[in-house]
Amino acid sequence: MTVRTRFAPSPTGFMHLGGVRTALYAYLFAKQNNGKFILRIEDTDQERYVEGATDVIYDTLRACGLNWDEGPDVGGPVGPYVQSERKDTYLPYAKQLVASGHAYYCFCSKEEIDTRRAAVEAAGGTWKYDKHCQHLTQEEVEAKLAAGIPWTIRMNAPTEGETSYHDTVFGDMTFQNSEAMDDMVLIKQDGMPTYNFANVIDDHLMGITHVMRGMEYLSSTPRYNYLYNALGWEIPTYIHLPTVMRDATHKLSKRDGDAYYSDYIDKGYLTEALVNYLALVGWNPGDEREFFTLPELVEAFDVHRLNKSPGIFDVNKLTWFNAEYIRRMNPERYLELATPWFDKVLAGKNIDYHRLAELMQERTEIFSQVPDMVRFLGELPDYDIELYTHKKMKTNPEVARTALALCKPMLEGIPEAEWQETVIHDRLMEAIAASGMKNGAVLWPLRIAISGQASTPGGAMEIAYLLGKGETLRRLADGESRLANA
RNA sequence: GGCUCCGUUGUCUAGAGGCCUAGGACGUCGCCCUCUCAAGGCGAAAACACCGGUUCGAAUCCGGUCGGAGCUGCCA
């Protein structure tokens, strides 16, 4: 039997990280079994339709490398792969269930149900559809249908007995039918199937062998099994996944701007790092490896090592992964990725991006931090002369005046054409040695004068080089006047 | 409320009765290196939710308690 898994998102316009992880696991499982990974769009809720939303799904999945073997755009033998385009395939099955007594037409309006629900709940009870329409005779049903009264088709749920099934992650599950079952709507008034129904029909028609989805479906699975059985179909293997949380009590949410794939990409996280990290929330390889490429994940993934408990998405750890990926990438790629971020604050400043990139690569955790880290190169920040005081460097404004006075003529003496780091370094070190001052006592003030900030990516010599002779000297003079006025 | 699931350091986790004086990673803290920051090196603090039971022996098995989550939609 060929393994077939699917990822079946509804097009909301965003890809939730939990969804990305579900897709990832479904992809990994299919691939490691030489199976097929299918993409199906579940857009049965017309009211939630969002223009362009499927492109978000395509783009995200592709960026993550989760290429589907069958799907809306690539086609396949069991299409179409968009539920709204399959609208006509569901009703016949619903009618078949009506004929066999597993479902029935319901003519209750939402208002009528709301009224009855409110009454039950006011009395302290738990509402469940009351099978009001189940007792309609065939003649009554046909009369109402003929009269054009809006209808839905509901599952005729059993009220006794129990349903058991096995889940790969959570083990054996048993539910009392009286509690887990209810007469859920199969076909809505607008003629569309509900998720609950379409999911079962499509998974079967598309030959899905392993259903991977969030654990929120754990308690509705008995209802799906009832449908599979009623239709005489084989029940797939269930692999329910633990939830990805923001913290112990909240799921990742749109509101906090931390739930979507795009939230992270926009902040300058790398897709590879995100995928790598996500794979590890809820699963581990059983050894101490942490870094995985997608092919390595395909190799290492094991559904039996999936965790049951919800996992909190830790941005700290993600950031660490991201920083590691950045450090490990080749310098050319770093330069390419960092350039747009450099440009935000350095465009037109004639800075050697190549050298800047070398200095920044090991200091970058996420790209969105880059502009703030290099802004000072474009414009000297206003700063307090207290920065010249540093106990460990044995410097203060007084020492700084001497240090700058030492550096200035020396730097002025370097010809424009020889303004290179090695030259600057050698001249500076000679001058410092000759003066008898400590390295830090000279270099700290120099760096403060030309950068205007306490910490910088690189030291005084690197910064002087990046700034160029003219700008370095200009800032040096600025520092001297600040110190003189103090 | 009912049903279901979950419960090892702040976080992700290893752990399937003795290998655990509970291991790894992120984060945190300290030291070293050093012209700052970062990186790197070294080190530290930090957990079996609680209470009972089973057993010679429990993080691991059982029961209860507590805590959290999910479901309880003509959303998915």
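Side-chain atoms are counted along with the backbone in the values below, which use heavy atoms only and exclude waters and symmetry mates. Naming convention: chains lettered A, B, ... in sequence-line order (proteins, then strands); numbering from 1 in each chain. Note that the coordinates shown come from a computational prediction; the quantities given were computed from them, not determined experimentally.
The interatomic distance linking Tyr334(A) (OH) with A39(B) (P) rounds to 14 Å, in whole Å. Rounded to whole Å, atom C1' of G70(B) lies 16 Å from atom NZ of Lys308(A). Protein atom CD of Glu179(A) is 6 Å distant from nucleotide atom P of U4(B), rounded to whole Å. The separation between Ile57(A) atom CD1 and A76(B) atom P is 14 Å, rounded to whole Å. Atom pair Phe376(A):CZ and C37(B):P shows a separation of 14 Å (rounding to whole Å applied). In this structure, Asp372(A) atom CG and A38(B) atom C1' are separated by 16 Å, rounded to whole Å. Residue Asn196(A) contributes atom CG, which lies 11 Å from atom C1' of C71(B) at whole-angstrom precision.
With no hydrogens or angles considered, a side-chain donor-acceptor pair links Thr319(A) and Tyr269(A) at under 3.5 Å. Under 3.5 Å, the side chains of Tyr224(A) and Asn196(A) contain a donor-acceptor pair of N or O atoms. Looking only at atom types and distance, the side chain of Thr472(A) has no donor-acceptor partner in the side chain of Tyr465(A) under 3.5 Å away. For the residue pair Asn199(A) / Arg6(A), a side-chain donor-acceptor distance below 3.5 Å is found, with atom types taken as modelled.
Residue-level contact check: Ala460(A) touches the bases, meaning some heavy atom is under 4.0 Å from a base atom. If you check every strand for non-hydrogen atoms under 4.0 Å, Cys407(A) touches nothing. The residue Thr456(A) sits close to a base: some heavy atom pair falls under 4.0 Å.
Remark: U11(B) base-pairs with A25(B). Criterion, Watson-Crick or G-U wobble with two distances under 3.5 Å. Across all strands shown, C3(B) forms a Watson-Crick or G-U wobble pair, both distances under 3.5 Å, with G70(B). Pairing for C19(B) is absent, with no Watson-Crick or G-U wobble pair whose two atom distances lie under 3.5 Å.
Remark on RNA chain B: of its neighbouring residues Ala248(A) and Arg327(A), the 5'-side contact belongs to Arg327(A), judged by nearest-heavy-atom nucleotide. Taking for each of His250(A) and Thr152(A) the nucleotide of RNA chain B with the nearest heavy atom, the 5'-most of the two is the partner of His250(A).
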*Spell out protein contact along nucleotides 23-31 of chain B as letters: B when the base is contacted, S when just the sugar-phosphate is, - when no protein heavy atom is under 4.0 Å; keep the 5' to 3' order.*
SSBSS----

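Judged by atom type and distance alone, Lys392(A) reaches the base of U34(B) through a side-chain donor-acceptor pair under 3.5 Å.
Within the 4.5 Å cutoff, no side-chain heavy atoms of Arg223(A) are placed close to those of Val200(A).
At a threshold of 4.0 Å, the pair Arg375(A)-Asp372(A) counts as salt-bridged, since one of the basic side-chain nitrogens sits closer than that to a carboxylate oxygen. Under 4.0 Å is where a charged nitrogen must lie from a carboxylate oxygen, and between Arg116(A) and Asp130(A) at least one such pair does.
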